[in-house]
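First listed ligand is number 1; within each ligand, the first listed atom is number 1. Everything numeric in this text was worked out from a predicted model, so none of it was measured.
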Amino acid sequence: MDHFLYRDGALYAEDVPISEIAAAVGTPFYVYSTATLLRHFKLFDEALEGTDHLVCYAMKAASNQAILKTLAQAGAGMDVVSQGEYLRAKAAGVPGEKIVFSGVGKTAEEIRVALTGGIRQFNVESEPEMEVINAVALELGMVAPITIRVNPDVDAKTHAKIATGKSENKFGIPISRAKEVYALAASLPGLEVVGIDCHIGSQLTDLEPFRLAYEKVAELTETLRAEGHNIRRLDLGGGLGIPYERSNEAPPLPVEYGQLIKDTLGHLGCEIEIEPGRLIAGNAGLMISKVIYVKSGEGRDFLIVDGAMNDLIRPAMYEAHHDIVPVNEPAPGTESQPYDIVGPVCETGDTFAKQRSMAPLAAGDLIAFRSAGAYGAVMASEYNSRPLIPEVLVHGDQFAVIRQRPAFDEMINRDTIPEWL
Ligand SMILES: *Cc1c(COP(=O)(O)O)cnc(C)c1O
């Protein structure tokens with residue numbers, strides 16, 4: 001459920017009409033709902049009630065400072081995958097002890113910054129990385145808390161570009177080698193092993209892959225404990241999917257996911273961490289765009305809109321579906337017609353939807369791309385020299401621009417001319 005609903009024929013973000021925001025900031029733009037962000041965070045938090053746990057928002061989904069601060073004030077920890085994300089989390093007021101550091105390629109510099117600034121744990125993805133964390137910790141006279149990310153070799157049954165838990169993926173160490181890698185970790189004086197980490201992919205719409213993976217994690221916990229390792233924390237990753245196509249998708253609910261965690265791992269007495277990103281931010285954001293032209297092609301009509309693949313790359317990158325709705329609700333009984341909805345970028349891939357059934361639209365009309373809050377603004381680029389679009393946060397009847405649209409000059413003046421020119 002989200003807080004983007006029609007009232008008297010106009011689409012609202014909480015208590016603010018979308019058209020009012022569009023008039024103030026221009027199109028295209030992203031708009032997020034505070035109430036929806038908080039609701040999704042609380043669904044996870046409550047799903048793990050009764051278990052010692054921390055919900056670490058995977059901020060790569062949407063990392064605007066205002067979004068991070070909203071979640072941090074509600075008690076969320078953060079899952080970060082780069083120095084930039086670590087510094088963003090700290091800048092938003094997240095204490096180091098609530099930040100977990102994931103990612104396959106942490107550099108010595110990133111490790112140093114996190115160790116000095118405070119970190120809950122590093123989720124280690126390889127033996128060479130483990131050696132570097134050990135070396136940096138020793139150099140600083142510190143001990144680095146770590147989990148090791150195991151790859152359970154389960155098929156997450158999701159898009160190939162976001163499946164991470166098969167043996168052919170670059171992530172983690174094979175679960176079959178866990179014993180020897182944990183033994184190596186225990187022998188390194190700069191490391192303290194605190195638990196196990198596992199993240200099998202994103203946009204999972206079925207609980208079964210999670211069950212298979214968590215059963216393997218449970219078994220591994222017992223094995224490692226028998227070897228003398230103090231496994232007290234399990235980081236279970238993120239990945240729970242959202243309904244991008246509301247008319248025919250109903251992924252599992254956080255409460256069902258929480259129950260599965262309790263069923264498969266509850267008996268171990270471990271502290272549980274989860275790292276949801278998409279489910280917290282995805283349906284908490286829209287991208288609003290304006291129709292520039294309606295172009296009649298051979299046998300099809302194109303809606304050419306001012307948002308493009310550089311603003312929202314998911315359809316081009318993952319063949320992803322986004323529900324697209326008009327900001328002014330069509331009158332009941334209005335007949336729909338099929339449109340190809342495309343952006344102005346010079347790529348055929350700049351196509352948001354083909355033959356999408358919509359009530360008739362005209363130049364100047366506003367449309368909303370639903371489920372654009374996660375992996376939207378963060379994946380944007382300036383391709384075709386289109387400046388990054390603004391982000392807006394709504395809170396009840398208030399809204400604020402949380403990232404300004406840069407002026408063209410700001411974009412151009414980031415380039416520098418060598419003196420020989
Ligand atoms: C991307 C990622 C997540 C978040 O995945 P969602 O599908 O957005 O919930 C969590 N943990 C790790 C390690 C990730 O790489």
Reported [atom1]-to-[atom2] distance for the pair [X] and [Y], which is rounded to 0.5 angstrom:
X	Y	atom1	atom2	answer
Y318	H159	OH	NE2	8.5 Å
M379	M309	CE	CE	11.5 Å
Y32	L286	OH	CG	10.0 Å

Please check if atom NE2 in H3 has more than 12 non-hydrogen atoms from other residues, nucleotides or ligands closer than 6.0 Å.
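Yes.
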State the atoms of ligand 1, each with its element, that fall below the 4.0 Å cut-off from a heavy-atom position in [X].
X	value
H199	2 (C), 3 (C), 5 (O), 10 (C), 11 (N), 12 (C), 13 (C), 14 (C), 15 (O)
Y375	1 (C), 4 (C), 5 (O), 6 (P), 8 (O)
P276	9 (O)
S202	5 (O), 6 (P), 7 (O), 8 (O)

Out of A58, C56, G201, indicate the one that has the non-hydrogen atom closest to atom 4 (C) of ligand 1.
A58
Option whose closest heavy atom lies nearest to atom 12 (C) of ligand 1, chosen from E275, E273, R149:
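Among E275, E273, R149, the closest heavy atom to atom 12 (C) of ligand 1 comes from E275.
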Between R278 and ligand 1, does any nitrogen or oxygen pair lie at a separation below 3.5 Å?
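Yes; at least one N/O pair falls below 3.5 Å.
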Could you say whether the N/O atoms of G239 and ligand 1 ever approach to under 3.5 Å?
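Yes.
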Could you check L236, I175, L224 and say which one makes a side chain to side chain contact (heavy atoms under 4.5 Å, CB included) with I196?
L224
Can a non-hydrogen atom of A374 be found less than 4.0 Å from any atom of ligand 1?
no
Would you mind checking which non-hydrogen protein atom is closest to atom 14 (C) of ligand 1, with the distance to 0.1 Å?
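Answer for atom 14 (C) of ligand 1: K60 NZ, 2.8 Å.
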Keeping T264 on the side-chain end and R211 on the backbone end, is there a donor-acceptor pair under 3.5 Å?
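The answer is no, because no donor-acceptor pair under 3.5 Å joins these two groups.
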Distance-only, no hydrogens or angles: does the Y57 side chain make a donor-acceptor pair with backbone N or O of A62 under 3.5 Å?
yes
So which bit of D79 gets within less than 4.0 Å of ligand 1, heavy atoms only: side chain, backbone, both or neither?
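Only the side chain of D79 comes within reach of ligand 1.
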Students often mix this up, so state it plainly: with edges at 30° and 60°, are the rings of Y214 and F210 parallel, tilted or perpendicular?
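Rings of Y214 and F210: tilted, 30 to 60°.
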